[in-house]
Amino acid sequence: MTIEDVIKKSILPLAFMVFWFWMTKTIMKVSGQTDWFWWIFIAGLPFGTHKMRLILIPRGMDTTATLGLAALSVIIGALIGCIMIPVYVIRAVYVVLRYIIGK
């Protein structure tokens, strides 16, 4: 394992997570306090939407059904992302530890 692998698999994803969490926490502040439910929900969006492998878009239906299924896809993606965030953190720590022990 090279330092390039460590940077791509641990440092860059963790840096993006920290930036994304900071940005969403700043956005979700209401009267000085963070709404934690919505913060976790929005924080999971970029980490879960691509894990769905399917975005539900109906064919031959009206606009309401299309928007409803698009909203359902976003909700499911955010919920999957909330579960995937700890997995990504554990994987990044594992890569760093494997690099340190391997040297």
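Along the sequence shown, residues are numbered consecutively beginning with 1.
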Worksheet item: Under a 4.5 Å cut-off applied to non-hydrogen side-chain atoms, are L72 and L69 in contact?
Response: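 A side-chain contact exists here, since the closest heavy-atom pair is under 4.5 Å.
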
Fill in: Non-hydrogen side-chain atoms of I75 and L79 separated by less than 4.5 Å
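Of all side-chain heavy-atom pairs linking L79 with I75, at least one is under 4.5 Å.
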
Give a yes or no on whether [X] and [Y] share a hydrophobic cluster (residues Ile, Leu, Val, Met, Phe, Trp, Tyr; joining criterion: side-chain heavy atoms under 4.5 Å apart).
X    : Y   : result
I27  : I42 : yes
I101 : V6  : no
M17  : I83 : no
W20  : V18 : no
F47  : I90 : no

Worksheet item: Does the side-chain contact (heavy atoms from CB on, under 4.5 Å) test come out yes or no for V95 and D5, once each step is laid out?
Response: CA-CA 8 Å; V95 167; D5 293 334; 5.8 Å; no

Fill in: Minimum heavy-atom distance between S10 and A92, given as atom pair plus value
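For S10 versus A92, the nearest heavy atoms are CB-O, 3.5 Å.
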
Side-chain polar contacts of residues 31-41 - donor-acceptor pairs under 3.5 angstrom, sequence neighbours left out - could you list them?
| unit_1 | atom_1 | unit_2 | atom_2 | d |
| --- | --- | --- | --- | --- |
| W39 | NE1 | F21 | O | 3.2 |
| W39 | NE1 | T24 | OG1 | 2.9 |

Worksheet item: In the hydrophobic clustering that connects Ile, Leu, Val, Met, Phe, Trp and Tyr at side-chain heavy-atom distances below 4.5 Å, which members other than L45 occupy its cluster, ordered by chain and number?
Response: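 Result for L45 is V74.
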
Discussion item. Just to verify, what does V87 make a side chain to side chain contact (heavy atoms under 4.5 Å, CB included) with, not counting sequence neighbours?
Written reply: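 Scan of V87 (side chain to side chain contact (heavy atoms under 4.5 Å, CB included), adjacent residues dropped) gives M84.
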
Worksheet item: What pairs of residues pass the salt bridge (Lys or Arg N to Asp or Glu O under 4.0 Å) test when at least one of them lies in residues 9-32, not counting sequence neighbours?
Response: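 For residues 9-32, and leaving out neighbouring residues, there are no salt bridge (Lys or Arg N to Asp or Glu O under 4.0 Å) pairs at all.
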
Discussion item. Counting only heavy atoms from other residues, nucleotides and ligands, does the tally under 6.0 Å from CE of M23 exceed 12?
Written reply: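 Atom CE in M23 is packed in, count exceeds 12.
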
Worksheet item: Which pairs pass side chain to side chain donor-acceptor pair (under 3.5 Å) with one or both residues in residues 79-100, sequence neighbours excluded?
Response: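 Applying side chain to side chain donor-acceptor pair (under 3.5 Å) to every pair that reaches into residues 79-100, excluding sequence neighbours, yields H50-Y88, Y99-K103.
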
Discussion item. Please enumerate all residues that pass salt bridge (charged side-chain N to carboxylate O under 4.0 Å, His left out) together with K8, with sequence neighbours excluded.
Written reply: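 Partners of K8 by the salt bridge (charged side-chain N to carboxylate O under 4.0 Å, His left out) criterion, ordered by chain and then number, come out as E4.
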
